[in-house]
Each structure stands twice: as structure tokens, then as C-alpha cells.
Amino acid sequence: MTDILLPDPLGISRAAALLQQGALVALPTETVYGLGADARNGTAVAGIYTAKGRPSFNPLIIHVADVDQARQYGRWSDTAEVLASAFWPGPMTLVLPLAEGHGLSSLVTAGLDSIAIRIPAHSTARAILRAFGGPVAAPSANPSGKISATTAQHVLSGLQGRIAAVVDDGPCTVGLESTIIGLNQPRPTLLRAGGLPSEAIEAALGGPLDVADGAEIIAPGQLASHYAPHASVRLNAQAAMDGEVYLGFGAAKGTGADDLTLSASGDLVEAAAQLFDQLHALDRLRKPIAVASIPETGLGRAINDRLRRAAAPR
């Protein structure tokens with residue numbers, strides 16, 4: 001069962017404690033309800049994909065309590081300062097280059113060198129973020145492909161029993177996802193239209209925004225071009241061949257000193273949480289990578305999607 005928490009000190013404290021334990025909590029914001037998890041905890045973030053039935057790994061927005069926290073995770077700039085001063089807290093997300101020593105799960109960034117950050121204006125969300133004391137990854141709290149949730153009941157209709165709790169603070173006041181601005185581009189770029197009009201952002205900047213085709217952080221098919229191992233990747237391998245390193249799963253385990261496994265127990269949530277980190281570790285060896293078969297079910301579909309992109313000709 002999913003607990004329904006009130007937006008009072010007890011509910012806020014309970015929500016923060018659940019997040020600290022690695023559980024999933026749906027949070028009210030001014031845009032939509034977000035499905036929150038500790039952005040530093042790979043297993044917790046993998047749980048978001050499981051709960052939502054998210055079909056592939058895409059970068060997630062992290063929510064923080066204040067600009068000081070935002071500076072810990074994204075490399076700041078004069079333009080970031082202008083926009084943050086004008087529109088945070090509020091329904092605007094900034095995509096920034098990753099800061100050194102950020103400590104975020106690689107599932108949050110989808111292996112990219114950028115991070116999407118927002119400071120919500122919702123008082124309850126900010127109270128939970130302050131009590132939690134860290135970054136919360138929070139895509140919309142609905143099954144993937146369904147209508148975004150703007151009330152706690154919407155959340156329960158789609159995610160009842162899949163998440164630990166929802167904090168019920170009534171309907172969202174904006175009801176549209178945040179506007180996303182890319183500051184990791186040559187010029188400030190509108191990546192997604194949302195709850196903050198782009199005209200207001202252009203007025204603050206004193207000039208027009210560039211506009212990305214598709215208005216997404218990354219378009220379908222772009223993710224693999226941002227992360228591909230230096231050497232080749234061979235899928236559905238029962239064992240490594242000479243010169244290869246092996247990435248196992250379940251009973252399929254490598255025998256070499258450098259071989260790794262996504263999950264020795266065959267747990268797809270653990271495998272998802274480990275995927276980018278393990279691929280990066282093997283890639284540093286600059287050897288071809290052989291990968292065990294992954295079931296094409298649940299999170300396995302997302303894992304296989306990323307592995308197929310990594311193995312694609314380039």
C-alpha cells in the first residue's frame with residue numbers, strides 16, 4: 001500500500017525519512033506531482049523507472065532547496081545567475097554542465113555530462129527538500145506515457161502500491177511541467193516549453209532563445225551518441241572471448257579478474273542502477289566488452305535499449 005501523508009510537520013518529516021531510506025515518495029510541486037527519489041542513490045533512482053514503467057533511460061530533473069545546493073551539482077555561469085535570480089523558485093529547469101564531485105547517480109544524468117536542476121516554488125516541496133537535505137530526482141508521478149498527475153489522487157490511480165507514499169497537498173497550481181532551458185549549449189536554448197513563458201525568459205536575457213527541435217533534453221536516438229564505449233560491445237554473450245572483458249548478469253558470470261556483473265542475483269533494479277557505472281568501469285580498460293543476455297521484461301527493456309545503442313555501429 002502507498003501511504004498518504006499530510007503536508008504538516010509530521011508528514012514532511014516522514015517523507016524526508018523515506019527518501020533518506022531510498023524509498024519513492026510522490027511530492028506536490030506547482031507544476032505537477034513528482035515521483036521523488038534520492039538522486040545520489042542509484043538503486044532508488046532505478047526504482048523510479050520500475051514504478052513508472054519508463055521505457056528507456058533519459059536524464060531526470062533534480063530538485064533542490066536553494067541556489068547553494070544547485071551550485072553543488074551544476075557548473076554555474078553569469079547566465080545561470082540571471083535566470084535563477086529572476087525565476088527561482090519557480091517552474092523553470094536549467095540544464096548545466098555537471099560540477100566536479102557532484103555525487104549524483106549516473107542514472108540521473110543518463111551518462112551525459114550535464115544535469116537538469118530546478119528549485120520548485122511549492123512550499124511543501126521545498127520543506128521536504130530542506131528536511132531531506134539533498135537533491136531529489138523527480139520526474140512526473142505517473143505511469144510512463146500517461147497523463148501527468150496534478151493531484152494526489154491522480155498519483156494513486158497510476159502508482160498505488162508501487163511507491164512508498166504520496167504527500168497530498170491538493171491540486172498543482174501550474175499544472176504544466178517546467179520550462180527547460182539548456183545552458184550547456186553555445187547559446188541559451190529552449191529545450192522544452194512549459195509553465196514559464198519563454199517570452200519572460202527572453203526578456204530577462206535581453207535577447208531571443210535558440211530553440212531545440214523536439215523541445216526535449218535529448219531527442220530519441222541521441223543518447224547513444226553521447227555515450228558509447230571506445231571499444232566494441234557484443235550482446236547476448238555466454239562468455240568472453242579472447243581479449244574481451246565480460247559484463248555478467250545472474251548466473252552468467254565472467255571468470256577474468258577485470259570482469260564485472262550487473263547483478264549476481266539477477267535483480268533488474270540492481271542491474272539498472274549499476275549499468276552506466278559498470279560500463280564506464282569496463283570502458284576504461286579499452287577492451288571489447290561482451291555482455292550477458294538480459295531478460296526483455298520490466299527494466300530489462302530499458303537496459304537492453306541502452307545496450308543496443310552502445311553496441312550500434314558508429
Can you tell me if [X] and [Y] form a side-chain donor-acceptor pair at under 3.5 Å?
{"X": "Ser178", "Y": "Arg192", "answer": "yes"}
{"X": "Glu177", "Y": "Ser148", "answer": "yes"}
{"X": "Ser140", "Y": "Asn142", "answer": "yes"}

With sequence neighbours left out, which residue pairs that include part of [range] fulfil the salt bridge (Lys or Arg N to Asp or Glu O under 4.0 Å) condition?
{"range": "residues 35-51", "answer": "Asp38-Arg40"}
{"range": "residues 27-36", "answer": "Glu30-Arg118"}
{"range": "residues 1-17", "answer": "none"}
{"range": "residues 200-211", "answer": "Arg187-Asp210"}

When rounded to the nearest 0.5 angstrom, what distance separates [atom1] in [X] from [atom2] in [Y]?
{"X": "Ile62", "Y": "Ser105", "atom1": "CD1", "atom2": "OG", "result": "11.5 Å"}
{"X": "Ile181", "Y": "Leu94", "atom1": "CD1", "atom2": "CG", "result": "7.5 Å"}
{"X": "Ile61", "Y": "Thr93", "atom1": "CD1", "atom2": "OG1", "result": "3.5 Å"}
{"X": "Arg130", "Y": "Gln69", "atom1": "CZ", "atom2": "CD", "result": "10.0 Å"}
{"X": "Thr261", "Y": "Gln278", "atom1": "OG1", "atom2": "CD", "result": "7.5 Å"}

What pairs with [X] under side-chain contact (heavy atoms from CB on, under 4.5 Å), at least two apart in sequence or on another chain?
{"X": "Pro97", "value": "Arg75, Asn184"}
{"X": "Thr297", "value": "Leu268, Pro295"}
{"X": "Glu81", "value": "Arg71, Trp76, Ser85"}

Of all heavy-atom pairs between [X] and [Y], which one has the smallest distance, and what is that distance?
{"X": "Leu190", "Y": "Ser198", "result": "CD2-CB, 4.3 Å"}
{"X": "Val269", "Y": "Thr43", "result": "CG1-O, 4.0 Å"}
{"X": "Pro59", "Y": "Ala110", "result": "N-CB, 3.7 Å"}
{"X": "Ile117", "Y": "Trp88", "result": "O-CZ2, 3.2 Å"}
{"X": "Pro197", "Y": "Gly195", "result": "CD-O, 3.9 Å"}

Please enumerate all residues that pass salt bridge (Lys or Arg N to Asp or Glu O under 4.0 Å) together with Glu296, with sequence neighbours excluded.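 Listed in chain order: Arg308.
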Through direct or indirect side-chain contacts below 4.5 angstrom among Ile, Leu, Val, Met, Phe, Trp and Tyr, which residues connect to Leu6?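 Traced through the cluster, Leu6 reaches no other member.
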Under a single-linkage rule joining Ile, Leu, Val, Met, Phe, Trp and Tyr whose side-chain heavy atoms are separated by less than 4.5 Å, which residues share a cluster with Ile128?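 The other cluster members (ILVMFWY side chains, heavy atoms under 4.5 Å, direct or chained) are Leu5, Ile12, Leu18, Leu19, Val25, Leu27, Leu129, Phe132, Val136, Val167.
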Any chance CD1 of Ile4 has more than 12 other-residue heavy atoms, nucleotides or ligands included, within less than 6.0 Å?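 No, because the 6.0 Å sphere around CD1 of Ile4 holds 12 heavy atoms or fewer from other groups.
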[Y] backbone acceptor or donor facing [X] side chain under 3.5 Å:
{"X": "Ser157", "Y": "Gln153", "result": "yes"}
{"X": "Thr109", "Y": "Ser114", "result": "no"}
{"X": "Asp259", "Y": "Gly256", "result": "yes"}
{"X": "Thr31", "Y": "Pro91", "result": "no"}
{"X": "Asp277", "Y": "Leu279", "result": "no"}

Indicate yes or no: at least one non-hydrogen side-chain atom of Ile115 is less than 4.5 angstrom from one of His102. no
Is the closest side-chain heavy-atom distance between Leu24 and Leu35 below 4.5 Å? yes
Return a table of donor-acceptor pairs under 3.5 angstrom between the side chains of residues 242-255 and protein atoms on other chains or two or more places apart.
residue	atom	partner	partner atom	Å
Glu244	OE1	Arg234	NH2	2.8
Glu244	OE1	Met241	N	2.8
Glu244	OE2	Arg234	NE	3.0
Tyr246	OH	Ala237	O	2.7
Tyr246	OH	Gln238	O	3.4
Lys253	NZ	Gly250	O	3.0

Would you kindly confirm whether Ile180 and Val174 end up in one hydrophobic cluster when ILVMFWY residues are joined by side chain heavy atoms under 4.5 Å apart? no
Restricting to side-chain hydrogen bond (donor to acceptor under 3.5 Å, both in side chains), what partner residues turn up for Glu270, sequence neighbours left out?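 side-chain hydrogen bond (donor to acceptor under 3.5 Å, both in side chains) list for Glu270, sorted by chain: Ser263.
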